[in-house]
Amino acid sequence: MRALRWLALLAILAAPALPGAAAEPLRLGINMLWIPGDAPTLRERFRKARALGISEVRLDWEWRQAEARRGVYTWDKFDTLVRTAQEEGVTLLPIVHYAPAWAVRGDRKPDDVYELAPKEDAFADYARFLLAAIQRYGPGGNASVPFTPIYYWQAWNEPNIRQFWGPKPDPAAYARLMQEVQRTLQPVRSSIRIVHAGLSKSDLEFMWQLWDANPRHGDTFDIMAVHPYVFDWDDGIRSPEAMDRDESKPAAMGFVGSVKDSGYLGKVFNLQLFMTLRGALNKPIWITEMGYFVAKHRLGVTEAGQAQRLVATVDFVRKRLADQPFGPGARAIAANVQRLYWFSLEDYPSPEGLGSFGMFRPDGTLRPAGEALRNLPR
């Protein structure tokens, strides 16, 4: 089956050359917790982000907080969020996910799963909620509080791993969800941009399955997103420049490294090449999560190491994955990474105690990585 797929892409490659995505310089943002969602906590967090020189903030936009009862929306927490963001000069990238109890599948949620996937018959409800949120807080929105219109909306988070599409990933189901989103958002489609769910690592196999399920999957979103963490249990923490060996058939088309192991930063390029070959042209890529955690752990780093790796990672993205061709020959297109949202502003709760990704320590003091992020050229 995989050999047939490569042959099919080779046939596409043999066609007249396709133009790559129009590239732009890299912009920086940061991930932040939303909950508990009260104004004083949000204000403190937004001010921390601004102290780092960052005004672009990505955070959860929890469907379950708005529609606990099917068809009835409660916007109080969202009004507080957007009003406080506007007051603090912050622009939001909402991750629209976390389905309400009535919308999730009936499976028991395993302990290592953060959220269950929505039921198939709730896909339309998800799309209607997204439309309602856009009509309230997007360009020309009718919210009764002051707000900065939200232009970019991210549809779910990491559907290629069971932790965020429990109990197990289903690329065909996510493709159908995005088709429902595409249909439902037609009235507002020209005024906003849909950001694809950030994939956990540069998962080319999952991308292939999405396009197998819907050959026009690229029509359902405007911006591709990925979380190219470089943790590997065998290798440890890979450097930004690391890469495994090419495979002959994929390499003939320009893909870098192996297809199976997606845990290399440079393989973000493969997502752009894949979309270009499948006719999904001019799609920017956003890295909507990337970071390193501070811990005495095989995959953890020291505070100084976190700062060093942050600088090296951003430097690699700017030099290799932004607006310049990735390489020669079939690789002579830009990966077109236009934004990088660092993970994260503060430490995250983690059952394993490995959530210490924050630029700020729990006591509110700045880690060296926060200082490094603040000093990066903009």
Side-chain angles (χ1 to χ4, degrees), residues 1-15 17-18 20-21 117 154-165 168-182 194-229 232 243-288 321 326-327 330-331 333-337:
M1 177 64 73
R2 178 171 288 178
L4 291 174
R5 286 173 163 179
W6 291 122
L7 288 172
L9 274 186
L10 277 169
I12 295 172
L13 191 68
L18 298 171
Q154 190 164 31
W156 215 264
N157 185 61
E158 297 187 347
N160 62 320
I161 60 173
R162 68 193 301 268
Q163 283 78 10
F164 289 97
W165 193 275
K168 64 178 181 179
D170 185 340
Y174 181 72
R176 291 192 295 274
L177 176 71
M178 290 301 289
Q179 287 177 290
E180 190 66 50
V181 166
Q182 181 188 24
I194 294 299
V195 182
H196 196 280
L199 299 186
S200 176
K201 303 189 177 181
S202 300
D203 190 342
L204 199 57
E205 184 67 22
F206 192 81
M207 290 276 284
W208 214 318
Q209 292 168 333
L210 290 172
W211 263 261
D212 279 351
N214 174 20
R216 302 295 298 272
H217 184 69
D219 294 345
T220 66
F221 65 94
D222 302 292
I223 298 162
M224 188 62 207
V226 62
H227 304 158
Y229 291 106
D232 182 81
M243 183 59 64
D244 60 355
R245 291 184 178 181
D246 289 350
E247 296 176 5
S248 58
K249 289 180 181 177
M253 291 177 285
F255 292 100
V256 296
S258 68
V259 174
K260 184 176 182 181
D261 188 346
S262 57
Y264 293 87
L265 182 55
K267 290 186 181 181
V268 171
F269 167 78
N270 288 344
L271 304 185
Q272 185 62 253
L273 179 59
F274 179 86
M275 290 190 294
T276 301
L277 291 173
R278 294 303 298 256
L281 306 178
N282 302 315
K283 300 284 186 187
I285 294 177
W286 287 6
I287 295 175
T288 48
L321 296 176
F326 184 81
R331 296 172 180 170
I333 63 171
N336 196 17
V337 173

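Residues: numbered from 1 along the sequence shown.
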According to salt bridge (charged side-chain N to carboxylate O under 4.0 Å, His left out), who are the partners of Asp222, at least two apart in sequence or on a separate chain?
Arg189
Heavy-atom side-chain contact between Leu199 and Met207 under 4.5 Å:
yes
Whether the side chain of Glu158 engages the backbone of Trp165 through a donor-acceptor N/O pair (distance < 3.5 Å, no angle test) should be reported.
no
Is any side-chain heavy atom of Ile285 closer than 4.5 Å to a side-chain heavy atom of Asn336?
no
Using a 4.5 Å cut-off on heavy atoms from C-beta on, say whether the side chain of Asp170 contacts that of Tyr174.
no
For Gln154 and His196, indicate whether the former's side chain and the latter's backbone hold a donor-acceptor pair under 3.5 Å.
yes
From OG1 (Thr220) to CD1 (Ile194), nearest 0.5 Å
9.0 Å
Does the pair Asn214 and Met178 meet the rule for a side chain to side chain contact (heavy atoms under 4.5 Å, CB included), with working shown?
CA-CA 10 Å; Asn214 174 20; Met178 290 301 289; over 6 Å; no
Tell me the closest heavy-atom pair linking Phe274 and Phe255, and the distance in Å.
N-CE2, 3.9 Å
Any donor and acceptor pair, going by atom type alone, linking the side chain of Asp246 with main-chain N or O of Gly257 inside 3.5 Å?
yes
Locate the shortest heavy-atom distance separating Phe269 from Gly254; write the atom from each residue and the value.
CE2-O, 3.4 Å
Among residues at least two apart in sequence or on other chains, which ones pass side chain to side chain donor-acceptor pair (under 3.5 Å) with Asp244?
Ser258, Lys267
Write down the atom of Gly198, the atom of Pro159, and the distance for their closest heavy-atom approach.
O-CD, 4.1 Å
Check Phe164 against Trp156 and note the closest heavy-atom contact, atom names and distance.
O-NE1, 2.9 Å
Side chains of Asn157 and His227: closer than 4.5 Å at any heavy-atom pair?
yes
